[in-house]
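Here the structure is laid out as structure tokens; the discussion comes afterwards.
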Amino acid sequence: MVIIRLRRTWVLICLRGTILPTLTSHRDPIYNERQCREFAEALVAKRLAYSSRPGPHLEELLGQSELLDSEPDRGGDDRFMELLARHGTPAILARAQRQRTETPKRFRTGMVRKLRGTLLLREAALHSRGHSQVDVYSGLKMVLRCTDSTPRRMVRMFSRIVDAGDLTERRPISRSIQSRIVTELSQETLRRIASEPKVGPGLYGLVRQMGEYMRSELHDSLLGGTDAVASVFVSDMLSPEKKELVARAVDLALLVPNKADMVPISFVTSPSLHLAYALAPAFMLLPRKGKGRALSGMISDVNVGQMTLGREPRSSWES
């Protein structure tokens, strides 16, 4: 396969000349799930083109995402309140109890919708402490989102998905296998940053510090609001060297603009950027834009370029 770029559109051309659906460039900050899904379906279909039996649909193969799909989990509101009592502050628990009684529709469309995935991720981390890997980075919506709609990430992701399952037998791929693939690719994406020409060590250090900060905010204290920190604000307070690292991170789709009118990034004052969804599993984060914090408050005063590759970012249960 060959990937080429035509202006702001990527086209995947197979060796036999077949052109698959196009995707917008990773500089386009609008995540298009429908377009991403069509591209993934074409990739899988191409891999199975010479099979005597048709392969399964992606929903059949990957199922739903426990963290991202909107259907309530078993136990409904009672289960949500149980998790919130375990992971939330007394203030947000009282707010939820009041909303559940007085405005149940607002409770479900607001608080439950925003917090459910976060609570399930924290709970999975607790139950996996010390002996097993989480299996929540699974399901069609999760797998698609963790590619950020970038063609190269999608090709890597779905090549491994196809290799992991017996698609001609139409058997679903287990959640644990999906989660392992998604997490391994996320960690590989993080490690490869250090090999970028000229800026590798500094860029790796910058992204690593941001991810660890966001991980700590999500897992190391009780939840006091409905949005986790997953975005950064870049101000003129940063040094020119760090601004250059941020620009390079945007160019490599490691940081993604939150609004369409923020491209090109060099023309924007105090831009808001979210950490690439592909990096979320490496730091045990939820792949969402979340709320923002000033980048200057996330990174230490030491030279981020001095950070070196060590072991993988610690999991939440290692704190």
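Computed from a predicted model, the values in this text were never measured in an experiment. Heavy atoms only: backbone and side chains are in, while hydrogens, waters and symmetry mates are out.
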Look only at the side chain of [X] and the backbone of [Y], and say whether a donor-acceptor pair between them is shorter than 3.5 Å.
X      : Y      : answer
Ser231 : Lys289 : yes
Glu41  : Leu58  : no
His219 : Ala125 : no
Ser272 : Phe233 : no
Ser216 : Glu212 : no
Arg145 : Arg288 : no
Ser186 : Ala282 : yes
Gln178 : Ile173 : yes

> Do the non-hydrogen side-chain atoms of Ser138 and Val182 ever get within less than 4.5 Å of each other?
Replying inline: no

>> Go through it in stages, so that I can follow the logic: the residues are Met81 and Gln97, the test is side-chain contact (heavy atoms from CB on, under 4.5 Å), and I'd like the CA-CA distance, side-chain angles, deciding distance and then a yes or no.
In response: CA-CA 8 Å; Met81 294 301 295; Gln97 291 169 334; 3.3 Å; yes

>> Under the rule for side chain to side chain contact (heavy atoms under 4.5 Å, CB included), what residues qualify as partners of Ser239, not counting sequence neighbours?
In response: Glu241, Lys242

Can a salt bridge be assigned to the pair [X] and [Y] using a cut-off of 4.0 Å between side-chain N and carboxylate O?
X      : Y      : result
Asp220 : Arg215 : yes
Arg156 : Glu188 : no
Asp251 : Arg248 : yes
Asp227 : Lys291 : no

Closest contact, heavy atoms only, [X] versus [Y]:
X      : Y      : value
Ser179 : Val134 : OG-O, 3.0 Å
Thr226 : Ile92  : N-CD1, 4.4 Å
Asp69  : Arg116 : O-NH1, 3.1 Å

>> Working note: Met210 + Phe283, criterion side-chain contact (heavy atoms from CB on, under 4.5 Å); need CA distance, chi angles, decisive distance, verdict.
In response: CA-CA 10 Å; Met210 285 190 292; Phe283 296 103; over 6 Å; no

> With sequence neighbours left out, what residues match Lys114 under salt bridge (charged side-chain N to carboxylate O under 4.0 Å, His left out)?
Replying inline: none

> Please, which pairs that meet salt bridge (charged side-chain N to carboxylate O under 4.0 Å, His left out) have at least one residue in residues 94-107, sequence neighbours excluded?
Replying inline: Asp78-Arg100

> Knowing that exactly one of Thr189, Thr147, Asp148 qualifies, which makes a side-chain hydrogen bond (donor to acceptor under 3.5 Å, both in side chains) with Arg153?
Replying inline: Asp148

